[in-house]
Amino acid sequence: MCADAEKTVAVNNDHLVQSDDPEHPANLIPALCRNFYNWGWVTGTGGGTSIRQGDHIFLAPSGVQKELIKPENIFVIQWPTTKYPATERNYIRRPLALKPSDCTPLFLTAFEHGAACCIHTHSQWAVLITLLVEREKGPDGCFEINNIEQIKGIPKGRGKGYHGYHDTLSVPIIENTPFEEDLTSGLEAAMNKYPDTYAVLVRRHGIYVWGDTVAKAKTQCESLDYLFKLAVEMHKLGLPWIK
Ligand SMILES: CSCCC(=O)C(=O)COP(=O)(O)O
Ligand SMILES: [Zn+2]
């Protein structure tokens, strides 16, 4: 093998995405994305997920059918890294002919915040909630709900336990931008304003949810989606979200 070919193989680091362990991020991301597709969270290529394990970030590719992702399609970034990997050198594994997710700088923002997994969905319930809140409270409103059992699935902040039944859950909303990566400053601003939040809604777009573990990111995303769907149905019945 010539020196250039050897370098290409070494740089691609295929071993980083080859494991028999179903909990390995390169196996977990495709499995999660298949579920998310079936739940209507990542249809039409939108949305995705990323996992931080040790000093590696595992990322799905951009613009592909998320339910068909395979471990060999996964990108890997050395962690910590610069906020927005601008060159190929930031990737220690970059599958040829694929592009890393446009959500990468947003996922990295969640990891800087201490997350181990970040999920981006285009759930219609999340989108509808952003529209209802805009109509009821204007552009600066948060989604707020209390006295619903499922609120207990959402943490009050790192080290602060989970919401109680009577607590009010607040989820900030940021405005959408024409390009996904341009959402990053809005996400950072929302995280600074609401340091205890584990989720930020994006108006007319979807939601970013993160967690201290993969399981927590997934179950928090499920609980939020449940609450958004419930809130839309409550609204249709004329029932208030806050008691
Ligand atoms: C129809 S998808 C529009 C782009 C978008 O919102 C998105 O989440 C795409 O993410 P990707 O990981 O495919 O770059
Ligand atoms: Zn999106």
Side-chain angles (χ1 to χ4, degrees), residues 17 25-26 28-52 56-77 81 83-88 90-91 93-111 115 117-131 134 143 171-191 197-210 214 217-218 220-222 224-225 228:
V17 297
L28 214 39
I29 289 175
L32 288 170
C33 284
R34 275 194 298 279
N35 281 335
F36 296 167
Y37 174 81
N38 289 326
W39 301 341
W41 288 4
V42 298
T43 49
T45 80
T49 192
S50 179
I51 295 173
R52 174 174 64 83
H56 292 150
I57 304 292
F58 295 82
L59 284 160
S62 179
V64 302
Q65 298 177 78
K66 296 291 178 358
E67 72 280 17
L68 301 183
I69 293 170
K70 297 183 178 64
E72 59 264 34
N73 304 144
I74 300 294
F75 289 74
V76 184
I77 296 176
T81 185
K83 175 62 66 58
Y84 187 12
T87 72
E88 290 194 14
N90 295 85
Y91 291 87
R93 182 167 200 282
R94 184 167 187 144
L96 296 173
L98 290 174
K99 190 168 111 37
S101 172
D102 289 344
C103 313
T104 300
L106 292 110
F107 292 147
L108 295 179
T109 299
F111 297 139
C117 175
C118 185
I119 298 167
H120 171 44
T121 90
H122 284 195
S123 162
Q124 292 188 6
W125 302 114
V127 174
L128 279 169
I129 277 300
T130 68
L131 297 174
E134 185 179 33
F143 169 67
V171 184
I173 303 172
I174 61 172
E175 297 304 323
N176 198 26
T177 54
F179 299 103
E180 191 94 23
E181 55 264 39
D182 296 335
L183 290 169
T184 314
S185 55
L187 184 75
E188 275 177 335
M191 284 172 157
T197 194
Y198 278 91
V200 172
L201 284 154
V202 184
R203 186 120 44 221
R204 296 177 180 269
H205 183 154
I207 190 166
Y208 281 83
V209 181
W210 55 93
V214 177
K218 174 175 169 284
Q220 286 160 206
C221 203
E222 287 168 14
L224 287 168
D225 206 58
F228 300 150

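The figures that follow rest on heavy atoms only: side chains count, while hydrogens, waters and symmetry mates do not. A quick note: this is a predicted structure, and the numbers were derived from the prediction, not measured. Both ligands and their constituent atoms are indexed starting at 1 by order of listing.
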What does the N/O contact table under 3.5 Å look like for ligand 1?
from	atom 1	to	atom 2	distance (Å)
ligand 1	6 (O)	H122	NE2	3.0
ligand 1	6 (O)	E180	OE1	2.5
ligand 1	6 (O)	H205	NE2	3.1
ligand 1	8 (O)	G47	N	3.0
ligand 1	8 (O)	H120	NE2	3.2
ligand 1	8 (O)	H122	NE2	3.2
ligand 1	8 (O)	E180	OE1	3.2
ligand 1	12 (O)	K66	NZ	3.3
ligand 1	12 (O)	S101	OG	2.7
ligand 1	13 (O)	T45	O	3.4
ligand 1	13 (O)	G63	N	2.7
ligand 1	13 (O)	K66	NZ	2.7
ligand 1	14 (O)	S62	OG	2.6
ligand 1	14 (O)	D102	N	2.8

Does any pair with a residue in residues 117-126 pass side-chain hydrogen bond (donor to acceptor under 3.5 Å, both in side chains), and if so which ones, sequence neighbours excluded? H120-H122, H120-E180, H120-H205, H122-H205, S123-D225

Note, Y37 side chain near T43 side chain (heavy atom, < 4.5 Å): yes

Below 2.8 Å, any N, O or S contact between C103 and the Zn ion (ligand 2)? no

Does any N or O in the side chain of S101 come within less than 3.5 Å of the main-chain N or O of S62, such that one atom is a donor and the other an acceptor? no

Does any N or O in the side chain of E175 come within less than 3.5 Å of the main-chain N or O of R203, such that one atom is a donor and the other an acceptor? no

Can you say whether the rings of W39 and W41 are parallel (under 30°), tilted (30 to 60°) or perpendicular (over 60°)? perpendicular

Angular separation of E180 OE1 and H120 NE2 about the Zn ion (ligand 2), given to 10°: 110°

If we only count heavy atoms from C-beta on, is the F228 to L128 side-chain gap below 4.5 Å? no

Hey, does the side chain of S50 reach the backbone of F58 with a donor-acceptor pair shorter than 3.5 angstrom? yes

Given NE2 of H205 on one side and NE2 of H122 on the other, what angle do they make at the Zn ion (ligand 2), to 10°? 90°

